[in-house]
Amino acid sequence: MSPTSPVIVTLPDGAERPFPGPVTGAEIALSISKSLAKEALAIRIDGQLRDLSFLVTTNAQVSLVTRSDEEALDLIRHDAAHVMAEAVQALYPGTQVTIGPAIANGFYYDFARPTPFTPDDMQKIEAKMREIVAANRPFTREEWPRAQAITYFQDKGEKYKAELITALPNDAAISIYRQGEWLDLCRGPHLPSTAKVGTAFKLMRLAGAYWRGDHRNEMLQRIYGTAWRDDKELKAHLTQLEEAERRDHRRLGKEMDLFHLQEEAVGSIFWHPKGWMLWRVLENYVRDRISAAGYVEVRTPQLIDRVLWEQSGHWEKFRAAMFTAIADEDKVLALKPMNCPGHVQIFRQGIKSYRDLPLRMAEFGACHRNEPSGALHGIMRVRAFTQDDAHIFCTEDQITSESVAFCRLLESVYRDFGFTDISVKFSDRPPVRAGSDAVWDRAESALRAAVEAARLPYTLNPGEGAFYGPKLEFVLRDAIGRDWQCGTLQVDFVLPERLDAEYVGEDGAKHRPVMLHRAILGSMERFIGVLIEHYAGRFPIWLAPLQVVVATITNDADGYGGEVAAALKKAGLRVALDTRNEKINLKVREHSLQKVPVLVVVGNREAENRAVALRRLGGKDQEIMALDEAVAKLREEARSPAGDRVPDSPF
RNA sequence: GCUGCCUUAGCUCAGUCGGUAGAGCAACUGAUUCGUAAUCAGUAGGUCCGCGGUUCGAAUCCGCGAGGCAGCACCA
């Protein structure tokens, strides 16, 4: 095509605009309106985001990106990273730049410099960034020959940049973006100039990060920033961070007296009475749900001889994370990191028939894993935790139906906590795996059929499956939009083999069962942490460790208050009685801060009429009603979504 | 585990230049008996994370260790 041939661009509204020859994004914008030319930040050409200076040489679908477009955010953030890199190099000569991408909510840049940055430095860097933005330097793109680019960065002492270019494919164009004097290797695209970054950015934190994300490499210094289209968005984001901090389960756990951690038992939790009540309510809820779903519950040993872990493969693969103990001078026992080998031992007791399958074996299994110290986080990531674990022993034919049933159960459980936005990650065969390709084909298609039958949206997580089989990971979104990975479903052909589980089939021959590893909450500890943050400590009444406080106004009402509390307790409610000689204002305040869902206030008026005054958490008004009515009402409200407890007999 | 920061009363935190520590809340005692988010007064409470060093003198400066926080790596 000759450079003079006409170019026709099609705008999003379908309008076609002819140009006599190649045309830049900026020129297209100008041809539409002066104001668009001013506001345009980049151009999308046949779906590809490009610089405004990009020359359109062939007919194409184009749309101009302005600040009002959501996708402007990535450009702003990426450019903010460049501006930060320039600021850092201006202030701290000799600092090497490495990479600096846009990320969710902002950007970062990794620097190599012998002296660590201080919070004070961050302020200086941010001030310098604002200067560079104000200077409104145009971003310009250049393409350099590969060798020249390598030599340039090497001569400047930028060994990381030189390494990045060396790693690029031989035929790749080496693009360089300049902003005034400063330049950086970058794929682009960029905004027209530094001023377009705007002022709605803020440097957030300093952190270490390994070069190329590999812990064997040297550690770089990462500076994180957040950047938005305008101050309102920035402020909303900062408010959201404050909200997350306000909900932090470590803070609420302390304030609400649920649990504590201390250094003599790092990674293990001291559950206080209220926290443990919350645990028990949650555990019993799950127990009721899985019992109704046809599971049997078991309990397997904490300490198991290493011989069994050698058979299962854990000793070889996960030895480093396993705690051990010595018995009888020289016998090595390991604290179980998982429950599956134990469950196989129960399965192996006696002869199993195909008629016993599917066998759904559940355990609130207390596991220990020696997690790296830096991984520990409140009660969310600990070394001693309890899985709501179960293994479904079934035939290959049963994989799909069992998986669908599990997905339904999981969805229903999540819904009971108000989690309705659930996504699924499908992790398929990893490069290093056990089992034949034919078996993997079957396992993967069965699992895919299940996730599709359950009508859950899923994304592919290629190569991330467990070595013994593909897995689904269930991610729920909480009340303030954060994602938490909780449930899992894994198909396993390997452990039954290694631990020699078998059943007698219809044909009278012995067969290997398949094991489905599955958890809904994941870990009790972590899920409770998620619940605390999701509800901001204001648990629904069925879950609240303390559901009702009966508070008396004067000690004259203490006798009646005791009667009220006893009646509520008899109705199955978790009640406390507050007869302290304190003003009702103080009692209301304290129990509200403790986030007790219902406050029953009784004074002489109520005592005379055998009535109560109900005050709900967060509410201002009171509801006066007869005691009997209140007891019935609260009993109804506090009913577990799993229904009333029934004697546990799955047999 | 790695990098940086932090650790002072039960809790939240202040503590200047190195001169042996302070507030609010909580606790305890007393008064008060009160109608829906803090009644008043008084009392007591400290191995300033631990160990070592510098110094006439260390909460403060230095080293080592522990724990915590943020991120990275890890998360079977």
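Residue numbers begin at 1 in each chain, while the letters A, B, ... track the order of the sequences.
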Would you say [N] has OP1 or OP2 under 4.0 Å from some side-chain N or O of [X]?
X	N	result
A/Arg580	B/rU33	no
A/Arg615	B/rA37	yes
A/His377	B/rG71	no

Name the pairing partner of [N], where a pair is Watson-Crick or G-U wobble with both distances under 3.5 Å, or state none.
N	answer
B/rA44	none
B/rC61	B/rG53
B/rA23	B/rU12
B/rG71	B/rC2
B/rA66	B/rU7
B/rU33	none

For [X], which contact category applies under a 4.0 Å heavy-atom criterion: base, sugar-phosphate, or nothing?
X	answer
A/Arg605	base
A/Pro116	sugar-phosphate
A/Asn604	base
A/Arg212	nothing
A/Ala551	nothing

- Query: Do A/Arg250 and B/rC69 share a donor-acceptor pair, side chain to base, under 3.5 Å?
  - Reply: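 Looking at the base of B/rC69, it does not pair with any donor or acceptor on the side chain of A/Arg250 (distance under 3.5 Å).
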
- Query: Has the side chain of A/Asn585 got a donor or acceptor that lies under 3.5 Å from a partner of the other kind on the base of B/rC34?
  - Reply: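 No pair found.
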
Quickly work out the [X] [atom1] to [N] [atom2] distance and round it to whole Å.
X	N	atom1	atom2	result
A/Arg526	B/rC74	CZ	C1'	14 Å
A/Leu203	B/rA70	CG	P	19 Å
A/Leu241	B/rA70	CG	P	12 Å
A/Leu206	B/rG71	CG	P	13 Å
A/Gln485	B/rA76	CD	P	8 Å
A/Glu582	B/rA37	CD	P	15 Å
A/Gln490	B/rA76	CD	C1'	8 Å
A/Leu593	B/rC25	CG	P	15 Å

- Six-ring centre of A/Trp315, A/Arg319 cation under 6.0 angstrom, axis tolerance 45°: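 Judged by the rule (NZ or CZ under 6.0 Å from the ring centre, within 45° of its axis), A/Arg319 counts as positioned above A/Trp315.
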
- Query: Honestly, is A/Arg518 close enough over A/Phe406, meaning NZ or CZ under 6.0 Å from the six-membered ring centre and within 45° of the axis?
  - Reply: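 A/Arg518 over A/Phe406 ring: no.
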
Measure from the side chain of [X], starting at C-beta and using heavy atoms only, and say which of [options] lies closest.
X	options	value
A/Ser592	B/rA76, B/rC74, B/rA37	B/rA37
A/Lys471	B/rA76, B/rG71, B/rU33	B/rA76
A/Lys583	B/rC34, B/rA76, B/rA70	B/rC34
A/Tyr210	B/rA76, B/rC34, B/rC2	B/rC2
A/Tyr224	B/rG71, B/rU33, B/rU36	B/rG71
A/Lys254	B/rC11, B/rA76, B/rA38	B/rC11

- Item | A/Ile553 or A/Gly208, whichever maps to the more 5' nucleotide of RNA chain B |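 With A/Ile553 and A/Gly208 compared, the 5'-side residue is A/Ile553.
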
- Toward the 5' end of RNA chain B, by each residue's nearest nucleotide, A/Phe385 or A/Glu263: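 Looking at the nearest nucleotide for each, A/Glu263 comes out on the 5' side.
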
- Query: If you look at every heavy atom in A/His249 and A/Met380, which pair is closest and at what distance?
  - Reply: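 What the structure gives for the nearest pair is CE1-CG, 3.2 Å.
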
- Query: Can you find a side-chain donor-acceptor pair between A/His591 and A/Asp578 that sits under 3.5 Å?
  - Reply: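 A/Asp578 and A/His591 do have a side-chain donor-acceptor pair below 3.5 Å.
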
- Could you tell me whether the side chains of A/Glu363 and A/Thr300 share a donor-acceptor contact shorter than 3.5 Å?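 Yes.
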
- Task: Could you name each residue pair satisfying side chain to side chain donor-acceptor pair (under 3.5 Å) that touches residues 595-613 of chain A, not counting sequence neighbours?
- Result: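 The answer is A/Glu563-A/Arg610.
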
- Query: Within the distance-only criterion (no hydrogens, no angle test), does the side chain of A/Gln89 pair as donor or acceptor with the backbone N or O of A/Thr95 below 3.5 angstrom?
  - Reply: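 Answer holds: yes.
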
